[in-house]
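All values below were derived from every heavy atom in this structure, side-chain atoms included, with hydrogens, water molecules and symmetry-related copies excluded. Given the structure is predicted, the values throughout are model-derived calculations rather than measurements.
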Amino acid sequence: MLTPTTRTARRLGTAMAVLAVLISGCANNDADGGSAAQEGDLASLHDGMINSGNDEDRPHSGGILTFGAYSEPASLDPAKTIAAVTTGGVEMINIYDSLMRYDAATDSVVPQMAEGLVHDDAFTTWTLTLRDGVAFSDGTPVDAAAVKASQERYASAAGPEAPLWNDNVAAIDTPDPITVVYTLNRAWPDFPHTLTTGAGMIVAPAAGAPGDEFKPIGAGPFTFHDWQPGTSITLTAREEYWDGRPHLDNVRFVYFPTTQTTMETLFNGGVDTALVRYPENVQKMFDRQLPGYVSMTAAANVTLINANPERPGSDPRLRKAMQLAVDNEAIAERGYDSTVFAEGELFADYSKWDTDVDAPRSDPQRARQLVDQVKADGFDGKLVMVTASNPQKVSQAQAMVAYLDAVGFDVDLQILPTTGDQIRRIAAEQDYDLGVWGLSLRDPDPFPKMSAAMHSGGKQVYGMHTSRAMDLLIEDFQSASDHTAKLAIMADIQRQLNEDVPFLVHGYHPEYLAWQKNVHGVTGSANTMVLLGNAWKS
């Protein structure tokens, strides 16, 4: 595998060779006005807690923790909402808890609301044992029947993560009140990870069906109290929580219009915690040595290529031309003033899934030849690229337009007012040729996102090219039980990605959930979600 030093040298060498040509005609749109990130500092980030300390002191009781959230969730129903820090996952995990929890310190899944989880030799039967005495906030028991009902509700709700469950879970049996047995269609050694997220967030029977009448009733450390749309969600501590009453009285999730506003409010003491993702913002948290929880997200910075019929991206020659036209290091410098997270591979050198298979290097001459070939067949060169109005993403998109235009494309960059508009155009309407996006594959278990966004049966493909060859590789990755075998399959996935070009990988991001130094006892889980049942403020 390439070492970090080798890859860093390669990135910087390529970037310096092309950067002056690209940027000479472009103005910098960096809204933060911050200095460039120091590569050596940010390159040391990895999954888990950072700058944490003093959590062994006697906890203080009382008070409210204010959480500067990344975005306001569309729903608090885990059957409808992706369980991740950026989409309401922290709100949900503190209302519902989760059957299992991802422990970054040991890189393993551990029991949380459940007592334990075991498997048979074939990894096709999993037996979950529940804790005695756990109850929902309405007083009803979290027993096997309630778990089965919640998960069947989750499976039938047609949410973004349900297809993975439906394709793999053949049956749920409840031989007694504290035992749930899952029978799978195929071997799935990493099945426990799915119980750390949406499927493992158990809603009470009284919560109701998905929809406008849904009530967020769970068994977590806090109960839903109030939702002021566009402003905040407030949760209240539960006296009867199975792991003991939380130290905090309330948690208030606050929704600011921009990440910059959230950061400024954090630095001024107006909120207790905030999430950042982009290099210059992560650097600011890093420089202040703020404690926090970090989750590395592979392919967090990508451009989707619409390969639906009649779209230019349906022609494999044009997808390859797009791949060869763009230089990731230079566009990262343009968008983020840093090349530290620029990487064309699906997984970068920080990752346990990094392989010795490289992404193709930029080759503008070959890219132009391919574009000219398709133009000879009648292609007019026109592409529509969409992005939201985030300054960093706009700058990056402008750099991409320059590269693509230079090899013969004619790109119409459409900057949409909000992220919601961007999601609607790309995910719902599929009215785009190129779309600024993020896949965010995570080291603990990259399979769910690969299945959702790279497999032909996934619900998050959004018009991208899929292939039977890639489907089979992803299915093989799911079933493999040995890391060495999985890593070999991941190398083949990278090779197939290089050939298919369903999207362009520009790099990865760390998600840095930072909090004030007087906040303690935060417990991390999957997808940068944190449990606050043991959190307290000094």
Side-chain angles (χ1 to χ4, degrees), residues 22 26 299-328 330-331 334-335 344 359-360 362-364 366-390 392-439 453-454 456 458-467 470 497-507:
L22 172 66
C26 300
N301 183 11
V302 303
T303 297
L304 307 189
I305 303 174
N306 191 343
N308 279 323
E310 309 305 323
R311 291 284 182 175
S314 63
D315 191 315
R317 294 172 296 178
L318 291 182
R319 297 198 305 274
K320 175 59 70 172
M322 297 171 195
Q323 179 189 62
L324 297 176
V326 175
D327 184 272
N328 289 320
I331 66 168
R334 174 75 182 101
S362 178
D363 186 347
R366 177 58 180 156
R368 175 169 280 281
Q369 291 172 350
L370 290 168
V371 175
D372 288 344
Q373 286 179 16
V374 186
K375 281 184 172 180
D377 294 337
F379 174 51
D380 62 6
K382 295 184 181 299
L383 298 174
V384 173
M385 183 174 188
V386 298
T387 184
S389 57
N390 174 281
Q392 293 90 349
K393 290 296 187 184
V394 170
S395 294
Q396 174 177 295
Q398 290 170 337
M400 286 193 62
V401 168
Y403 272 114
L404 293 169
D405 284 354
V407 300
F409 289 106
D410 179 9
V411 184
D412 174 17
L413 177 59
Q414 298 183 5
I415 302 170
L416 305 179
T418 68
T419 300
D421 295 320
Q422 176 192 25
I423 292 171
R424 185 181 65 255
R425 279 283 297 274
I426 293 174
E429 300 170 0
Q430 296 184 20
D431 181 16
Y432 73 100
D433 294 319
L434 298 172
V436 174
W437 204 251
L439 297 185
M454 297 168 60
S456 61
K459 286 195 66 175
Q460 299 172 39
V461 174
Y462 308 142
M464 290 184 290
H465 173 79
T466 60
S467 68
M470 183 65 84
L497 185 70
N498 294 348
E499 180 179 339
D500 290 347
V501 200
F503 50 83
L504 308 177
V505 179
H506 307 303

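- A pairwise comparison of heavy atoms in Leu318 and Pro312 identifies CD1-O, 3.4 Å as the closest pair.
- The side-chain hydrogen bond (donor to acceptor under 3.5 Å, both in side chains) contacts involving residues 380-389 comprise Lys382-Asp410, where partners must be two or more places apart or lie in separate chains.
- For Tyr462, the ring pair (Phe, Tyr, Trp, His ring centres under 6.0 Å) criterion is met by Trp437, not counting sequence neighbours.
- In plain terms, the two heavy atoms of Leu370 and Leu324 that are nearest each other are CD1-CD1, 4.3 Å.
- Nearest heavy atoms, Ser395 versus Arg334: O-CG, 3.4 Å.
- Side-chain atoms of Gln323 and Leu504, non-hydrogen and from C-beta on, do get closer than 4.5 Å to each other.
- Test Asn328, Asn301, Asp327 against His506 for side chain to side chain donor-acceptor pair (under 3.5 Å) and you get one pass: Asn328.
- In this structure a side-chain-to-backbone donor-acceptor pair under 3.5 Å is missing from Asn306 to Gly313.
- The two atoms that bring Val407 and Ala325 nearest to each other are CG2-CB, 3.8 Å, heavy atoms only.
- Within the 4.5 Å cutoff, the side chain of Pro360 has heavy atoms near those of the Lys320 side chain.
- The pair Lys375-Asp372 does not meet the salt-bridge criterion, since no charged nitrogen lies less than 4.0 angstrom from a carboxylate oxygen.
- None of Leu413, Val384, Thr303 except one satisfies the side chain to side chain contact (heavy atoms under 4.5 Å, CB included) rule with Leu434; the exception is Thr303.
- Under the rule for a side-chain hydrogen bond (donor to acceptor under 3.5 Å, both in side chains), the partners of Asp412 that lie at least two apart in sequence or sit in another chain are Gln414.
- When Arg317, Arg311, Arg319 are each tested for a salt bridge (Lys or Arg N to Asp or Glu O under 4.0 Å) with Asp315, only one passes: Arg317.
- We find the CZ-CD distance between Arg424 and Gln422 to be 11.0 Å, quoted to the nearest 0.5 Å.
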